[in-house]
Amino acid sequence: MTERRSYVLVAVAVLLVGFATRTIPLYWSPLPFNLDGFHFAALARDALKSGHLPVKRGFQPDEYSFTVLLATTSRLTGVSPLYIAQFLTASVGAITCLFVVLVTRGVGRRLGWSVSNVRAAMTVAGLVVATEGIFLGRSAAVSSEGVGHVFVVMSVFAFAYALWTNRPSWFVLTGIIFVAFPLTHNLSTIIGFLTCVSLLTLYLGTSRSRSSVVAGVLIVGFCAYSVLYYAVTGMEATRISSAPGLFVAWIIVLVLLTRWLPTTNPRLQYGVPSVVLLGGAGLVVGNHFVPIFPGTASSEIITMLFILPIAAIGIVAARGVPIPIEGGVEGYATLAMLLGSLTLIGFALTGGLTVEYQALAVRGHTYVHLSFPILAGLGVVALGAKSDTDRLKTAVIVFVIVCSLVSAPLAFSGLRATSAQPLVTQPQLESAAFASTHADGWTSDGHMTRLSSRYYTERTGSNVSERGVYEWLRGSGAEPRCPVVARRSWTTVGVQLFPATPGHVTPAAYDRFTARRNVVYSVGGGSEQIVLSVPEAGRAHC
């Protein structure tokens with residue numbers, strides 16, 4: 001088999017695996033995997049109906065790109081946005097997996113590795129990004145964040161090639177991506193900015209050419225344009241704007257760390273990421289006993305069991321950190337992506353112990369997993385080089401891939417492992433439609449109320465609130481005296497009380513609750529049964 005053909009086979013295999021794993025939710029439901037998917041499906045539906053974007057109804061300034069992409073895909077395929085959204089998201093996620101494979105190949109080839117070593121690194125990196133539980137969960141979710149992942153990778157590599165080749169075409173392409181960034185996803189815009197700052201710092205440490213001036217102007221312009229765009233359009237960015245000094249301080253830390261890391265010895269180069277990895281694992285374990293962010297969910301045991309194999313992969317990935325420093329354009333870009341995303345996490349952890357900053361840390365953490373699989377693939381080759389035979393390398397490859405596969409169920413575990421339930425079934429959508437149409441002032445868990453407000457925005461309005469159920473199940477209030485959409489899964493999987501830990505209702509308590517009320521609607525059966533009930537007397541709004 002020729003060198004080129006073997007690389008193509010690896011790339012195609014990873015592309016197919018990445019697409020397949022992100023369509024797994026279709027096994028349970030033909031609908032979008034997560035609640036945000038219904039928001040975008042509604043926007044695309046209304047756009048197709050009216051011929052323009054529904055900017056006056058819950059439309060955010062960073063949702064243009066994905067809404068247009070979903071509406072266009074729906075028009076071309078003739079399939080409703082509600083039923084094509086998951087396939088579109090799986091395709092976008094598969095493209096991200098393909099990028100990771102190509103980047104890994106670029107690093108290996110620039111280092112002059114053998115075909116077998118390059119192929120091994122590509123395979124490991126591709127399968128990790130395609131199956132690893134944390135990134136799989138986020139990239140399988142129907143959201144503009146998936147396109148944001150692609151934009152982060154495209155921007156950093158276009159910018160890297162612009163710097164190292166000094167070709168105007170690459171600078172133009174980088175500028176086009178920068179212009180589209182704020183319209184695509186706000187968090188990805190921040191990550192893209194931090195990553196490009198790190199990349200420019202790396203470049204200045206190796207070269208002094210006129211392109212650095214152009215690149216500096218491009219970065220400053222990107223930052224100013226993004227801030228102005230979000231300010232004019234009214235996009236909330238309180239997590240950054242409420243602590244601008246701290247954000248600037250972390251940019252300084254990013255620059256200093258970026259300048260220092262390539263100059264130190266290899267032991268520190270993989271030692272520092274190892275310490276960061278251990279610190280992150282410690283935060284997850286500590287959060288099991290005392291929530292780091294008050295009022296939010298604690299880590300479940302099953303969550304830690306799923307994260308443990310990812311941490312094991314991290315040990316291998318840490319060994320790969322010194323390699324990108326010598327890996328040319330692709331290597332510098334990989335290192336910049338890692339440092340840029342870690343900077344945002346650091347800012348979130350020091351910004352404040354609030355739900356907003358927790359969300360920023362958790363969502364920002366997702367972007368670490370763009371460089372993480374590349375480093376894992378490189379780390380496999382680095383460890384394998386310590387042996388005279390291929391046995392060690394083969395063992396490490398098998399170990400990393402098995403760990404990634406073991407972590408994959410985390411993506412679809414829902415309330416068993418996380419504080420939010422992503423999966424939406426047909427009975428749930430039907431219940432939300434009925435309640436939004438016929439009930440007045442109803443309540444339910446966070447899953448059902450958010451589903452209704454995202455897809456049936458005009459019908460729902462202020463008629464739905466999770467407050468009644470939240471207060472009742474948290475023990476701070478009586479049973480709701482208003483229409484309630486209740487699910488029997490509350491007695492098995494639990495009740496979504498996001499951002500707090502999921503609640504639980506005993507079967508006996510659930511049966512007593514429904515027995516004291518009049519059931520006016522029921523769908524599904526067994527543990528999936530959903531009912532809408534009203535109090536027998538004294539009905540009130542929730």
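One-based numbering along the sequence shown. Note that the coordinates shown come from a computational prediction; the quantities given were computed from them, not determined experimentally.
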Would you check if the side chain of [X] reaches a backbone N or O of [Y] as a donor-acceptor pair within less than 3.5 Å?
X      : Y      : result
Asn186 : Pro61  : no
Asp62  : Leu183 : no
Asn117 : Val381 : no
Tyr230 : Pro182 : yes
Thr303 : Ala417 : yes
Tyr367 : Ser341 : no
Thr264 : Leu261 : no
Gln496 : Gln421 : yes

Taking C-beta and beyond as the side chain, do [X] and [Y] meet within less than 4.5 Å on heavy atoms?
X      : Y      : answer
Val380 : Lys393 : yes
Ile24  : Trp28  : yes
Thr104 : Val124 : no
Leu338 : Phe372 : no
Tyr357 : Leu349 : no
Ser407 : Pro309 : yes
Glu132 : Ile310 : yes
Leu378 : Trp113 : yes

Check [X] against [Y] and note the closest heavy-atom contact, atom names and distance.
X      : Y      : answer
His447 : Val424 : CE1-CG2, 3.8 Å
Phe171 : Leu163 : CZ-N, 4.4 Å
Ser413 : Phe306 : OG-CE1, 3.5 Å
Cys97  : Val14  : CB-CG1, 3.9 Å
Thr184 : Ser65  : OG1-OG, 2.9 Å
His185 : Thr189 : O-OG1, 2.8 Å

Atom pair [atom1] ([X]) and [atom2] ([Y]), whose distance is rounded to the nearest 0.5 Å:
X      : Y      : atom1 : atom2 : result
Ile345 : Ile191 : CD1   : CD1   : 7.5 Å
Thr195 : Leu200 : OG1   : CG    : 12.5 Å
Leu187 : Ile190 : CG    : CD1   : 5.5 Å
Phe181 : Tyr225 : CZ    : OH    : 11.5 Å
Met154 : Ile177 : CE    : CD1   : 5.0 Å
Phe399 : Leu392 : CZ    : CG    : 12.0 Å

Would Ile251 and Thr343 satisfy side-chain contact (heavy atoms from CB on, under 4.5 Å), going step by step from the backbone distance to the final call?
CA-CA 7 Å; Ile251 293 178; Thr343 298; 5.6 Å; no

With no hydrogens and no angle check, just 3.5 Å: does a side-chain donor-acceptor pair link [X] and [Y]?
X      : Y      : value
Arg22  : Thr89  : no
Thr201 : Thr258 : no
Tyr161 : Thr174 : no
Thr131 : Ser404 : yes
His39  : Glu63  : yes

Taking the inter-plane angle between the rings of [X] and [Y] on a 0 to 90° scale, is it parallel (under 30°), tilted (30 to 60°) or perpendicular (over 60°)?
X      : Y      : answer
Tyr332 : Trp164 : parallel
His369 : His365 : perpendicular
Phe40  : Phe66  : perpendicular

Is it true that Arg105 and Glu330 have a side-chain N and a carboxylate O under 4.0 angstrom from each other?
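Here Arg105 does not pair with Glu330 in a salt bridge, since their nearest N and O are not under 4.0 Å apart.
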
I'd like to know if Glu300 pairs up with Arg416 as an ion pair, taking the criterion as any Lys NZ or Arg NE/NH1/NH2 lying under 4.0 Å from an Asp or Glu carboxylate oxygen.
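Salt bridge between Glu300 and Arg416, a charged N being under 4.0 Å from a carboxylate O: no.
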
Between Phe157 and Phe99, does a side-chain contact (heavy atoms from CB on, under 4.5 Å) hold up when you go through it step by step?
CA-CA 10 Å; Phe157 285 98; Phe99 275 146; over 6 Å; no

Do Thr73 and Phe87 pass the side-chain contact (heavy atoms from CB on, under 4.5 Å) test, and can you show the C-alpha distance, the side-chain angles, and the key distance before you say yes or no?
CA-CA 10 Å; Thr73 304; Phe87 289 102; over 6 Å; no

Please confirm whether the ring centroid of Phe33 lies under 6.0 Å from the ring centroid of Phe412.
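Centroid distance Phe33-Phe412: below 6.0 Å, so yes.
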
Pair His149 and Phe135, ring centroids less than 6.0 Å apart:
yes

How far apart are the C-alpha atoms of Met122 and Tyr7, what are their side-chain angles, what is the distance that settles it, and do they pass the side-chain contact (heavy atoms from CB on, under 4.5 Å) test?
CA-CA 8 Å; Met122 290 172 61; Tyr7 293 158; 3.6 Å; yes

